[in-house]
Protein chains: 2
Amino acid sequence: MTLTSLTRETLSDQIARQLMNFIVTTNLQPGDLLPSETKLAADFGVSRSVVREAMRSLAAQGAIEVISGKGAIVRPVDDSLLRIFFQRAIEVGQGSHVELMEIRKPLEVQSSALAAQRRTAEEAESILETVSAMANELGNLEKYAVLDVELHLQIAAAAHNQLLYHLISSVRTMLHNVVLTGLQRRKGRDQLERIQTVHTAIARAIEQSDPGAARDAMAVHFDEAMQFINSTG
Amino acid sequence: MTLTSLTRETLSDQIARQLMNFIVTTNLQPGDLLPSETKLAADFGVSRSVVREAMRSLAAQGAIEVISGKGAIVRPVDDSLLRIFFQRAIEVGQGSHVELMEIRKPLEVQSSALAAQRRTAEEAESILETVSAMANELGNLEKYAVLDVELHLQIAAAAHNQLLYHLISSVRTMLHNVVLTGLQRRKGRDQLERIQTVHTAIARAIEQSDPGAARDAMAVHFDEAMQFINSTG
DNA sequence: ACTTGTCAAGCTGTCAGACAAGTTGACAGC
DNA sequence: GCTGTCAACTTGTCTGACAGCTTGACAAGT
């Protein structure tokens, strides 16, 4: 017989669970208002403190947002939880920016391949537009960086995989400074033009529904980016 | 001039942030005890309720664990936040098991390649041991499934990328039932032997420090797995 | 018709104080 | 050495209170 330490579930934990369940089963949509703390406390037969602590849990997990004087509204699923995870892991030294890049590469490669398979005509067009807009900003690093984010997210969106999108988006956010540094190291116009060439290849492969080519081009893109991030000095 | 809606930060949010900061800067390790709620309330000059709500936030994010009658201890970084994210995304219909598989594949492929580059001698050996242990359980699906999880996690550990490890571990947990179903569809002994062959190829490539071969073998493994998951009936 | 001022009702944020229940360590008794 | 008891400290929950914010209704003034 094996023994396992037992823990009574606290009231607020139970209520947090029930509230989450309530949101899902009654199909509450982002923006919808939850009952007030007083009412919930009465319904559950507990004090307001307990309900408040339950809501604090859900708010900390990004499931709801509590607005003072108004109430608690349901929040859409976004990448905030992922960002908290990555942030904390790095803070505590359980992860690094290099590790993030090692995750980001295969995800973006997959994103590129899926986009080539699933992109709508509109998505393909707007990706090509972004790439040509970037061609005009080779002299403006800041604008180029902004468009670069946009491009990668457009591709991720065209992959039509929301989990993948959130992952890429959150990892990208964490790496923002690293990417910028990498770009700055390639200040030379010829270097930026090389990036532009690869970007074009990716976009074209997606537009031509060629997953293999899209995958390869994105892989090249990341291998080259890695070089400039690692080149110290 | 652009206007932006402003929000006062609540006391508990401030305290949650400061507490997290305190944990990191004073280098508290998992298991270490935080000051008591009463003491913190006194130190911060606020009521105990506020401190409690702050701790509830951190507990919901898995940063600490509050034990009744004892105190709050620091928790190690694990994949609980990731699991909450995936769980919620799927509950709300913002994600699916297919999407999870599409994420899992590139991550495990990368994991396999990195493991081939970085595995220690001990890791290579224990991976090979697991594979040969699986060879003896071809008739026992349950045991085989348990060892399968172990193998993939051993490989992820050998990749020496903790973020990647947590991601793979959490995605795998979410897919547990799907994987089991996939295995059951391959009940035929010859089918399981095919899996075993590929597993062996992966392990051998890792042992021989051949990232390319490891990558390819893992990709094949997932492509074949996908077939049996998708084959309805 | 449209803005403005005011007010009441309801909500969240915070406080103080209380008691129950769990944990721990010290210590006496066997 | 083991056990039972007790005191000190901790978290869990409750109650009642008040400040500050949000919203909607409504009257007053243009």
Side-chain angles (χ1 to χ4, degrees), chain A residues 3-20 22-23 26 28-75 80, chain B residues 3-20 22-23 26 28-75 80:
Chain A
L3 303 177
T4 166
S5 84
L6 41 84
T7 58
R8 287 184 223 317
E9 195 178 21
T10 164
L11 284 183
S12 32
D13 283 342
Q14 294 179 51
I15 291 184
R17 209 158 27 80
Q18 286 203 42
L19 275 183
M20 198 60 227
F22 174 75
I23 292 175
T26 59
L28 285 192
Q29 293 304 306
D32 287 356
L33 216 59
L34 262 62
S36 76
E37 293 173 357
T38 318
K39 174 159 174 28
L40 286 174
D43 288 356
F44 282 119
V46 297
S47 75
R48 190 154 79 96
S49 336
V50 174
V51 174
R52 280 185 62 79
E53 291 182 9
M55 295 194 131
R56 258 282 162 335
S57 290
L58 297 185
Q61 294 177 348
I64 65 175
E65 179 183 358
V66 182
I67 303 175
S68 174
K70 188 175 179 188
I73 62 177
V74 177
R75 274 188 26 131
S80 55
Chain B
L3 302 178
T4 165
S5 82
L6 41 84
T7 57
R8 290 185 219 315
E9 195 179 22
T10 76
L11 287 182
S12 32
D13 283 342
Q14 295 180 49
I15 291 184
R17 209 157 27 78
Q18 286 203 42
L19 275 183
M20 198 60 226
F22 173 75
I23 292 175
T26 58
L28 286 192
Q29 294 304 305
D32 287 356
L33 216 59
L34 262 61
S36 76
E37 292 173 357
T38 317
K39 173 159 174 31
L40 286 174
D43 288 356
F44 282 120
V46 297
S47 75
R48 190 155 79 98
S49 333
V50 175
V51 174
R52 279 185 63 80
E53 292 183 8
M55 296 193 126
R56 259 284 169 320
S57 292
L58 297 185
Q61 295 177 348
I64 65 174
E65 180 183 358
V66 182
I67 303 175
S68 174
K70 189 176 178 186
I73 62 177
V74 177
R75 275 192 19 136
S80 55

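Lettering of chains follows the sequences in order, A, B, ..., and the numbering in each one begins at 1. Everything numeric in this text was worked out from a predicted model, so none of it was measured.
Taking A:K70 as the reference, nothing meets the salt bridge (Lys or Arg N to Asp or Glu O under 4.0 Å) condition, with sequence neighbours excluded. A:E65 meets the salt bridge (Lys or Arg N to Asp or Glu O under 4.0 Å) test with no other residue; sequence neighbours excluded. Taking B:R56 as the reference, A:S12 meet the side chain to side chain donor-acceptor pair (under 3.5 Å) condition, with sequence neighbours excluded.
A distance of 5.0 Å separates CD1 of A:I64 from CG of A:L58, quoted to the nearest 0.5 Å. Taken to the nearest 0.5 Å, the CG atom of A:L34 stands 6.0 Å off from the CG atom of A:L19. Here the CD-OG distance, from B:E37 to B:S47, works out to 10.5 Å after rounding to the nearest 0.5 Å. Once rounded to the nearest 0.5 Å, the distance linking CE of A:M55 with CZ of A:R48 reads 10.5 Å.
For A:K39 and A:D43, the salt-bridge test passes: some basic side-chain N is under 4.0 Å from an acidic carboxylate O.
Mapping heavy-atom proximity under 4.0 Å, the span of DNA chain C touched by chain B runs 5' to 3' from C:dT14 to C:dT24.
Here the side chain of B:Q61 pairs no donor or acceptor atom with the backbone of A:Q61 at under 3.5 angstrom.
The partner of C:dC30 is D:dG1, by the rule that a Watson-Crick or G-U pair needs both atom distances under 3.5 Å. Figure legend. D:dT30 is base-paired to C:dA1; pairs are counted as Watson-Crick or G-U wobble with both atom distances under 3.5 Å.
Atoms CD (B:E9) and P (D:dG20) sit 19 Å apart, rounded to a whole Å.
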Step by step, would you call B:I15 with B:V50 a side-chain contact (heavy atoms from CB on, under 4.5 Å)? CA-CA 8 Å; B:I15 291 184; B:V50 175; 3.8 Å; yes

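Within residues 41-52 of chain A, the residues that place at least one heavy atom under 4.0 Å from DNA chain C are, in residue-number order, A:R48, A:R52. Heavy-atom distances under 4.0 Å link DNA chain D to B:V66, B:I67, B:S68, B:G69, B:K70, B:G71 of residues 63-71 of chain B, given in residue order.
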